[in-house]
Amino acid sequence: MKSKGAAILAAKCPKCHQGNMFPVSMVSFRKLSVVNSHCPHCNASLEPEPDFYYGAMYISYALSVALVVNVMIILNFVFGDPALWVYLVSVGIANIVLLPVMLRYSKVLYLYIAGKLKYDPSA
């Protein structure tokens with residue numbers, strides 16, 4: 001996989017674009033947020049320093065804000081001006097349903113942005 005975008009969507013290692021970043025699939029709620037310490041393919045360190053992924057909270061927050069804004073725009077477009085409880089319930093359900101996606105991709109994006117691992121096709 002040579003495309004950086006495809007590697008991000010598939011949650012692959014930033015260095016080789018082949019190894020999985022997570023040991024389990026997204027539908028498994030057992031170890032949902034656990035990241036492999038090293039890439040299973042190229043052995044690159046996916047945890048550059050202790051507590052590295054605390055910075056992913058900022059990306060997760062941005063994704064949550066974007067979700068709230070989009071849900072509100074969609075509700076206003078579809079229903080006109082619904083009651084406050086409709087907003088609250090809709091945003092709550094959307095956050096619960098999309099929590100695994102936002103949790104994982106915040107870590108993937110943070111590693112690609114701040115992880116200092118560059119793509120090496122020979123890895």
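Position 1 is the first residue of the sequence, and the numbers go up from there.
- The heavy-atom pair separating Lys31 from Val24 by the smallest distance is O-CG2, 3.4 Å.
- If you chain together ILVMFWY residues whose side-chain heavy atoms come under 4.5 Å of each other, Leu99 ends up in a group of its own.
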List the atom pairs, donor and acceptor, that lie under 3.5 Å between side-chain atoms in residues 77-94 and the rest of the protein, sequence neighbours left out.
residue: Tyr87; atom: OH; partner: Asn76; partner atom: OD1; Å: 2.4
residue: Tyr87; atom: OH; partner: Asn76; partner atom: ND2; Å: 3.4
residue: Ser90; atom: OG; partner: Val86; partner atom: O; Å: 2.7

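- By the side-chain contact (heavy atoms from CB on, under 4.5 Å) test, Lys118 is found to be paired with no residue, residues two or more places apart in sequence or in another chain being considered.
- A donor-acceptor pair under 3.5 Å links the side-chain atoms of Arg104 to the main chain of Leu32, judged by distance alone.
- Partners of Phe22 by ring-ring contact (aromatic ring centres under 6.0 Å, His included), not counting sequence neighbours: none found.
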Query raised in the report: Should Ser37 and Leu46 be marked as a side chain to side chain contact (heavy atoms under 4.5 Å, CB included) after you check the CA-CA gap, both sets of side-chain angles, and the distance that decides it?
Result: CA-CA 5 Å; Ser37 61; Leu46 299 178; over 6 Å; no
When the side chains of residues 60-74 are checked against the rest of the protein, which donor-acceptor pairs come out under 3.5 Å, sequence neighbours left out?
residue: Ser64; atom: OG; partner: Ser60; partner atom: O; Å: 3.1
residue: Asn70; atom: ND2; partner: Ala66; partner atom: O; Å: 3.0

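- A side-chain donor-acceptor contact under 3.5 Å links Asn36 to the backbone of Asn20.
- Members clustered with Met57: Tyr54, by chain and number, using a 4.5 Å side-chain heavy-atom cutoff among hydrophobic residues.
- One hydrophobic cluster, built from ILVMFWY side chains closer than 4.5 Å, holds both Leu117 and Ile113.
- Within the structure, every pair that satisfies the ring pair (Phe, Tyr, Trp, His ring centres under 6.0 Å) test and touches residues 32-52, not counting sequence neighbours, is listed here: Phe52-Tyr110.
- Between Lys4 and Tyr119 there is no side-chain heavy-atom pair separated by less than 4.5 Å.
- Val101 and Leu111 fall within a single hydrophobic cluster, where Ile, Leu, Val, Met, Phe, Trp and Tyr side chains are chained together by heavy-atom contacts under 4.5 Å.
- At a threshold of 4.5 Å between side-chain heavy atoms, the hydrophobic network of Ile, Leu, Val, Met, Phe, Trp and Tyr places Leu98 and Tyr105 in one connected group.
- For the pair Lys107 and Ser33, the minimum side-chain heavy-atom distance is below 4.5 Å.
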